[in-house]
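Shown next, in structure tokens, is the structure this report addresses.
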Amino acid sequence: MTSPSSRRRALVVGLGASGIATAIGLRRIGWDPVIVERAPGRRSGGYFVVLFGAGQAAARRLGILDAIPDRSPPGGITYTVDRAGVRKPGLGFGDLPVAPRMMLRGDVERAAFAALPHDVEIRYATTPTRIEQDASGVEVTLERDGESVTERFDLVVGADGLRSTVRRLVFGPHDRYLHRLGYMIAATTLPGPVGGLSPHEGAGLLEPGRAMWVFPFADHPPTVLFSYRTDDVDAEFTGRPVERVRAAYGPQPTGRLLGEALDALDAADEFLFDSVEQPRMDAWSRGRVVLVGGSAWCPSLYAAMGVSAGLAGADLLGSMLDRHPGDIRGALRAWEAQLRPHMSYYQANGVEQRYFVTPGNQRQIALRPIMARSLRLPVIGNALRSLRSGSKSIRQRELDIAHAG
Ligand SMILES: Cc1cc2nc3c(=O)[nH]c(=O)nc-3n(C[C@H](O)[C@H](O)[C@H](O)COP(=O)(O)OP(=O)(O)OC[C@H]3O[C@@H](n4cnc5c(N)ncnc54)[C@H](O)[C@@H]3O)c2cc1C
């Protein structure tokens, strides 16, 4: 048994799914994680996410799978809808052979948080401002309410998302690593069904370069996602987000569904508005500092794998540190070697699959039902394509990750 004085201490930056999962994994192998979170409290809700096989397997190993709800609505159906309100049967996640669980991002975080041992220290409203390391440890200055403390850790984990402060402090500025895909997204929870949809009905309104999706849930109001193409991401961050979104959908009459969804975005207290970007890095660790989740490999929402990948990466990190006692660098090298092929694959999917969520032109819109029928879903389509070309399918990759831990 490890004595308290010999226990290793890790700083985990970020209380998202990847950070909480990392802390669970570290605690399980006898480490003392300390979590710092920039926000003043734990967030809830969020947008629609699906959890595929790799994420479910990692969640099971982390002991949180049973606490993650599946909010797929019974009899759920997704339509493609135009502004005039004409509906055609669309493609729903419920049709998938890999049976993903559907939920809100906050559901995963809540389940993971509930599994976190009560004595794991969490400091809210706290962020790192300096990270320096030597051969035996990492010195981190943490700031809260204008006050700073400096502490020493054996390991620092940057689980602080796409615009990671840990990455900026240790690896370099955002623009060295972040690649813009040329799309903006906005997402929020709707007060209830919109545009005459029933609670179990979802919808996709697809126009060249812009799309709006409504996702229904069994026991929660639906959420909406707007996704549109832009040549000038910087301009999108000027002015009110909802005005940028309205402008992206043009001056034409919105029709009932789009109009009600835009009004709901306008009235929402909480919403997400952001550009779609991917970090691309040659290495996810430097010495005793490692990036996990969106900070390291965010595949983008178009891959629908960010949460799954974050849980799988966090879970594997604990396993690798356990397998390489006293050799943090060796553990991080082995961890990255195991994960990188999968994350590269998911990132490639995140770029390729943007057209399924947001078709670029009329031809892609017209072809979508045909492609959807033959491929069933982008991720599956890619899997079939990879199988045909002899490379590993996403399902096989999920199994590989699932068994790696
Ligand atoms: C619209 C949308 C739909 C998506 N759909 C899916 C899906 O279907 N399936 C799927 O698997 N993934 C999906 N994703 C991706 C998924 O949500 C992310 O990949 C995932 O949330 C990343 O988790 P994370 O914990 O790594 O980072 P985040 O969720 O970004 O969490 C980072 C945490 O760090 C905190 N933080 C940030 N900076 C600091 C700092 N300086 N100091 C302290 N704390 C800090 C933040 O407040 C936050 O709590 C979707 C994403 C979007 C935007």
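Residue indices begin at 1 and follow the sequence shown. Note that ligands are numbered from 1 as they come in the structure, with each ligand's atoms numbered from 1 the same way.
- Among the atoms of Arg105, none of the N or O lies under 3.5 angstrom from an N or O of ligand 1.
- There is no side-chain donor-acceptor pair under 3.5 Å between Thr254 and Arg246.
- Under 4.0 Å from ligand 1, heavy atoms of Thr127 appear from its side chain as well as its backbone.
- The N/O atoms of Ala17, backbone and side chain alike, include one that comes under 3.5 Å of an N/O atom in ligand 1.
- By the 30° and 60° cut-offs, the orientation of the rings of Phe48 relative to Phe215 is parallel.
- For the pair Pro128 and ligand 1, the shortest N or O to N or O distance does not fall below 3.5 Å.
- With hydrogens and angles disregarded, a donor-acceptor distance shorter than 3.5 Å links the side chain of Asp134 to the backbone of Gly137.
- For Phe48, every heavy-atom contact with ligand 1 shorter than 4.0 Å involves the backbone, none the side chain.
- Under a 4.0 Å N-O distance rule, the pair Glu270/Arg105 does not qualify as a salt bridge.
- For ligand 1 and Gly16, the ligand atoms under 4.0 Å from any heavy atom of the residue are 25 (O), 31 (O), 33 (C), 49 (O).
- Listed by atom number, the atoms of ligand 1 under 4.0 Å from Val13 heavy atoms are 42 (N), 43 (C).
- Close approach of ligand 1 to Ser308 is summarised as follows: ligand atoms under 4.0 Å from at least one heavy atom of the residue are 11 (O).
- Ionic pairing of Glu207 and Arg83 is present here: one or more N-O contacts between side-chain nitrogen and carboxylate oxygen are shorter than 4.0 angstrom.
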So Ser227 and Tyr302, side-chain hydrogen bond (donor to acceptor under 3.5 Å, both in side chains) or not? Walk me through it. CA-CA 10 Å; Ser227 167; Tyr302 305 131; 2.8 Å; yes
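- Close approach of ligand 1 to Gly306 (heavy-atom distance below 4.0 Å) involves ligand atoms 10 (C), 11 (O), 12 (N), 15 (C), 19 (O).
- The shortest N/O to N/O separation between Val307 and ligand 1 falls below 3.5 Å.
- Annotation for ligand 1: atoms under 4.0 Å from non-hydrogen atoms of Gly294 are 26 (O).
- Of the polar atoms of Arg38, at least one N or O is found under 3.5 Å from an N or O of ligand 1, judged by distance alone.
- No donor-acceptor distance shorter than 3.5 angstrom exists from the side chain of Glu243 to the backbone of Arg240, with no hydrogens or angles considered.
- Checking only distances, Gly293 never comes within under 3.5 Å of ligand 1, N or O to N or O.
- In this structure, Ala159 is part of the shell of residues with a heavy atom less than 4.0 angstrom from ligand 1.
- Every atom of ligand 1 is numbered from 1 in the order shown, and the set under 4.0 Å from a heavy atom of Gly14 is 33 (C), 34 (O), 35 (C), 44 (N).
- Panel note: side chain Arg288, backbone Ala135; a donor-acceptor pair is recorded below 3.5 Å.
- Where the criterion is an N or O separation shorter than 3.5 Å, residue side chain and backbone included, Ala304 meets it with respect to ligand 1.
- In Leu272, the part holding a heavy atom less than 4.0 Å from any atom of ligand 1 is the side chain.
- In terms of polar-atom proximity, Val50 is counted as a contact of ligand 1, with an N or O under 3.5 Å from an N or O of the ligand.
- In this pair, Phe217 and His220 present their aromatic rings perpendicular. The plane angle is above 60°, beyond the 30 to 60° band.
- The distance criterion of under 3.5 Å between nitrogen or oxygen atoms is met by Ser18 with respect to ligand 1.
- A salt bridge links Asp119 to Arg27: one of the charged nitrogens lies within less than 4.0 Å of a carboxylate oxygen.
- Ala23 approaches Ile35 most closely through the heavy-atom pair CB-CD1, 3.6 Å.
- Side-chain contact, His174 with Arg167: a donor N or O sits under 3.5 Å from an acceptor N or O.
- Residue-level proximity to ligand 1 for Thr165 is carried by the side chain, the only part with a heavy atom below 4.0 angstrom.
- For the pair Arg42 and Phe113, the cation sits on the ring face: its NZ or CZ lies under 6.0 Å from the ring centre, inside 45° of the axis.
- In Arg163, neither the side chain nor the backbone holds a heavy atom less than 4.0 Å from any atom of ligand 1.
- Residue Thr126 has at least one heavy-atom neighbour below 4.0 Å for each of these atoms of ligand 1: 42 (N), 43 (C).
- In Met305, the part holding a heavy atom less than 4.0 Å from any atom of ligand 1 is the backbone.
- No side-chain donor from either of Asp232 and Thr230 sits under 3.5 Å from a side-chain acceptor of the other.
- Contacts of Val166 with ligand 1, taken as heavy-atom pairs under 4.0 Å, are absent altogether.
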